[in-house]
Amino acid sequence: AFGIALALPGITNDGEPRSTRVHDGWIFALVLLGGAALVFAAARVLGGLEARRPLAPERRRRLERAAGLAALALALIGVALSIAFAGRIWHEFTNPVSSQIGSTKNRLGSASSSNRWRWWGEEWHAFTAHPFGGTGAGTFKVIDLRMRKSPITTDEPHSTPLQFLGELGVVGFLLYVAAAVAAAGAIVRARRRAAGAERAAVTALAIGVAAFAAHTAVDMDWNFVATCGPLLLVTGALAGRAAPSPRTAVARRPLLAAAGVVFALGAFYSLAAPWLAQRELDSATSALGRSDLPDAIAHAKRAHSWDPLSTSALLDWAAFEDDAPLKAQDLYRKAVSLEPQSSEVWFALGDFYWGHGAWKPAYDAYSKAWQYDRFGPAGTPCGALDQARHKVLRVWPPSCPRGRPRASTP
């Protein structure tokens, strides 16, 4: 099934049209279901053969020992090849920041980290600057925009443990590790309690969980319910089997139950609030399209009430209040106070000052935007920053003579 998937452009290639995705998706679905049916049939046949002619324990142990030795031999061969080509592999892994592997099947034959090495270094730098409190959940994009050395950017460092360490600090990382260790301990206990075929099933599922956990070290699986949901479901099911059968009535703990309810409500709100806020912002955009400015302002206010930490809600609200400069300025400054290292927020503030003829504040705001993202709009030659610099300092930079981009050489 994996080999056929590699041959289907709608599954492995980037930029394919939806019609190709649908066509190849159906083929892959049928291949996957057919493979599952073959595995099921083979299991039934082998199970019937073993029921009629049971495998002797000594022979089973020999087969398992041979399989283990074969796996060890393959692992040693892999280690030997890695050592022999260590220099080449390391050079390709720590690729230049301008190198990005495309979403094609060719990436499977490359050892390039596809900019992960740069992103990991940026997140580690963020951690060393804020070791205890971290930079805040979901703030890696701001860190990357400030530190990147190429136009390529991302929202996540592509390493879940490192993301916890950089964004939530030591405390968040220790909570992450504690959850993983607790789950691993529960799975080990579940395996000890199981026997026979059930124990084999627990072992197989545990191997899948371990493989997923290892993969999160080099990617952002944690951010997607489609990938992380099954992991949490399987882990929870295995952990539940580790609990002993209750023999006596459990004492009621109302405070613990109330704390659990409060935690669940907080978790639900943290997921629902951004979604509700975005819906209000979409409604505000629709109202603005109808030239209904008061309604647009009302929707933006409700978006801010749903998600007070959203700078998008504040920026949209401020843009709608442009006819009330003092109110708009206050909203822009609130957005800056929420994300003082966000190039997007500083650039929006600069646009506000520029639109109202405040050249010096606009120049200062654009300069901040450039400081936090040199490849963003503020870094465009002869763009907003250069125009504001000329208004204030009466000079043009070498890349923008007399307010026009320098002519390219023949």
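Since the structure is predicted, the reported quantities are computational estimates derived from the model, not experimental observations.
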Test item: Thr139 and Glu339 side chains (from C-beta on) under 4.5 Å apart, heavy atoms
no

Is the shortest heavy-atom distance from the side chain of Asp351 to the side chain of Tyr366 under 4.5 Å?
yes

Which heavy-atom pair separates Gln163 from Pro157 by the least distance, and what is that distance?
CB-CG, 3.7 Å

So how far is it from Ile4 CD1 to Leu8 CG, rounded to the nearest 0.5 Å?
7.5 Å

Under the salt bridge (Lys or Arg N to Asp or Glu O under 4.0 Å) test, residues paired with Asp282 that sit two or more places apart
none

Arg148 side chain vs Pro151 backbone, donor-acceptor pair below 3.5 Å
yes

Trp317-Phe320 aromatic ring centre distance below 6.0 Å
no

Is it true that, when you exclude Glu344 itself, more than 12 heavy atoms of the residues, nucleotides or ligands shown sit nearer than 6.0 Å to its CD?
no

About how many Å separate CZ of Arg302 and CG of Leu276, when rounded to the nearest 0.5 Å?
12.0 Å

For the NZ atom of Lys368 and the OG atom of Ser342, what is their distance to the nearest 0.5 Å?
12.5 Å

Closest approach of Trp370 and Gly379, non-hydrogen atoms and distance?
CD1-CA, 3.7 Å

Trp306 meets the ring-ring contact (aromatic ring centres under 6.0 Å, His included) criterion, sequence neighbours left out, with none

Checking Asp292 now: which residues fulfil side-chain hydrogen bond (donor to acceptor under 3.5 Å, both in side chains) with it, not counting sequence neighbours?
none

Answer yes or no: is there a side-chain heavy-atom contact under 4.5 Å between Glu123 and Glu167?
yes

Test side chain to side chain contact (heavy atoms under 4.5 Å, CB included) applied to Lys391 and Trp354, step by step
CA-CA 10 Å; Lys391 286 284 188 180; Trp354 179 270; 3.9 Å; yes

Those residues that, when tested against Tyr363, pass ring-ring contact (aromatic ring centres under 6.0 Å, His included) (two or more places apart)
none

Using a 3.5 Å cut-off and no angle test, enumerate the donor-acceptor pairs between side-chain atoms of residues 204-218 and protein atoms at least two apart in sequence or in another chain.
unit_1, atom_1, unit_2, atom_2, d
His215, ND1, Asp221, OD1, 3.2
His215, ND1, Asp221, OD2, 2.9
Thr216, OG1, Ala213, O, 2.5

Residue pairs passing the salt bridge (Lys or Arg N to Asp or Glu O under 4.0 Å) test where at least one lies in residues 178-187, sequence neighbours excluded:
none

Atom pairs and distances, side-chain donor-acceptor, residues 322-334, under 3.5 Å, sequence neighbours left out:
unit_1, atom_1, unit_2, atom_2, d
Asp322, OD1, His356, NE2, 3.2
Gln329, OE1, Tyr353, OH, 3.1
Arg333, NH2, Tyr353, OH, 3.4

May I ask you to decide if Gly10's main-chain N or O and Arg21's side chain share a donor-acceptor pair within less than 3.5 Å?
yes

Counting neighbours of NE2 on His390 that are heavy atoms of other residues, nucleotides or ligands and sit closer than 6.0 Å, is the number greater than 12?
yes

Salt-bridge criterion met for Arg61 and Glu58 (N-O under 4.0 Å):
yes

Quick check for you: to the nearest 0.5 Å, what is the distance between Gln371 atom CD and Gln341 atom CD?
8.5 Å

Please determine whether side chain to side chain contact (heavy atoms under 4.5 Å, CB included) holds for the pair Leu281 and Ser312, giving the CA-CA distance in whole Å, both sets of side-chain angles, and the decisive distance to 0.1 Å.
CA-CA 9 Å; Leu281 292 180; Ser312 297; 4.2 Å; yes

Identify each donor-acceptor pair in which a side-chain atom of residues 75-86 lies under 3.5 Å from a protein atom, sequence neighbours left out, and give them as a table.
unit_1, atom_1, unit_2, atom_2, d
Ser82, OG, Gly78, O, 2.8

When every non-hydrogen atom of Pro9 is compared with those of Thr20, the smallest separation belongs to CG-CG2, 4.5 Å

Holding to ring-ring contact (aromatic ring centres under 6.0 Å, His included), I want the full list of residues that pass it with Phe140, two or more places apart in sequence or in another chain.
none

Check against side chain to side chain contact (heavy atoms under 4.5 Å, CB included), Leu162 and Phe173
CA-CA 8 Å; Leu162 196 56; Phe173 177 73; over 6 Å; no

Find the distance between CG (Leu168) and CG (Leu174) and round it off to the nearest 0.5 Å.
11.0 Å

Would you call the rings of Tyr176 and Trp222 parallel, tilted or perpendicular, where under 30° means parallel and over 60° means perpendicular?
perpendicular

Which heavy atom of Thr128 sits nearest to which heavy atom of Pro131, and what is that distance?
O-CD, 3.7 Å

In the structure I gave you, are the side-chain heavy atoms of Met220 and Asp155 within less than 4.5 Å of one another anywhere?
no

Looking only at non-hydrogen atoms, find the nearest pair between Phe28 and Ala5 and report the distance.
CE1-CB, 3.6 Å

Qualifying residues under salt bridge (Lys or Arg N to Asp or Glu O under 4.0 Å), relative to Arg18, sequence neighbours excluded:
none

Rounded to the nearest 0.5 Å, the CD1 atom of Ile11 sits from the CG atom of Leu6 at a distance of 10.5 Å

Just checking Trp124: does its CH2 atom have more than 12 heavy atoms from other residues, nucleotides or ligands closer to it than 6.0 angstrom?
no

Carefully, step by step, assess Glu16 and Asp24 under the rule side chain to side chain contact (heavy atoms under 4.5 Å, CB included).
CA-CA 11 Å; Glu16 296 291 334; Asp24 292 356; over 6 Å; no

Taking atom types as modelled, find out whether Asp144 and Thr154 have a side-chain donor-acceptor pair closer than 3.5 angstrom.
no

Shortest non-hydrogen contact from Pro397 to Arg389?
CG-NH1, 3.9 Å

Spell out, as yes or no, whether a donor-acceptor pair under 3.5 Å connects the side chain of Trp346 to the backbone of Val336.
no

Taking only distance into account, with no hydrogens and no angle test, what donor-acceptor pairs under 3.5 Å do side-chain atoms of residues 40-48 form with protein atoms, sequence neighbours excluded?
none

Sorted by chain and number, sequence neighbours left out, salt bridge (Lys or Arg N to Asp or Glu O under 4.0 Å) with Arg191 holds for none

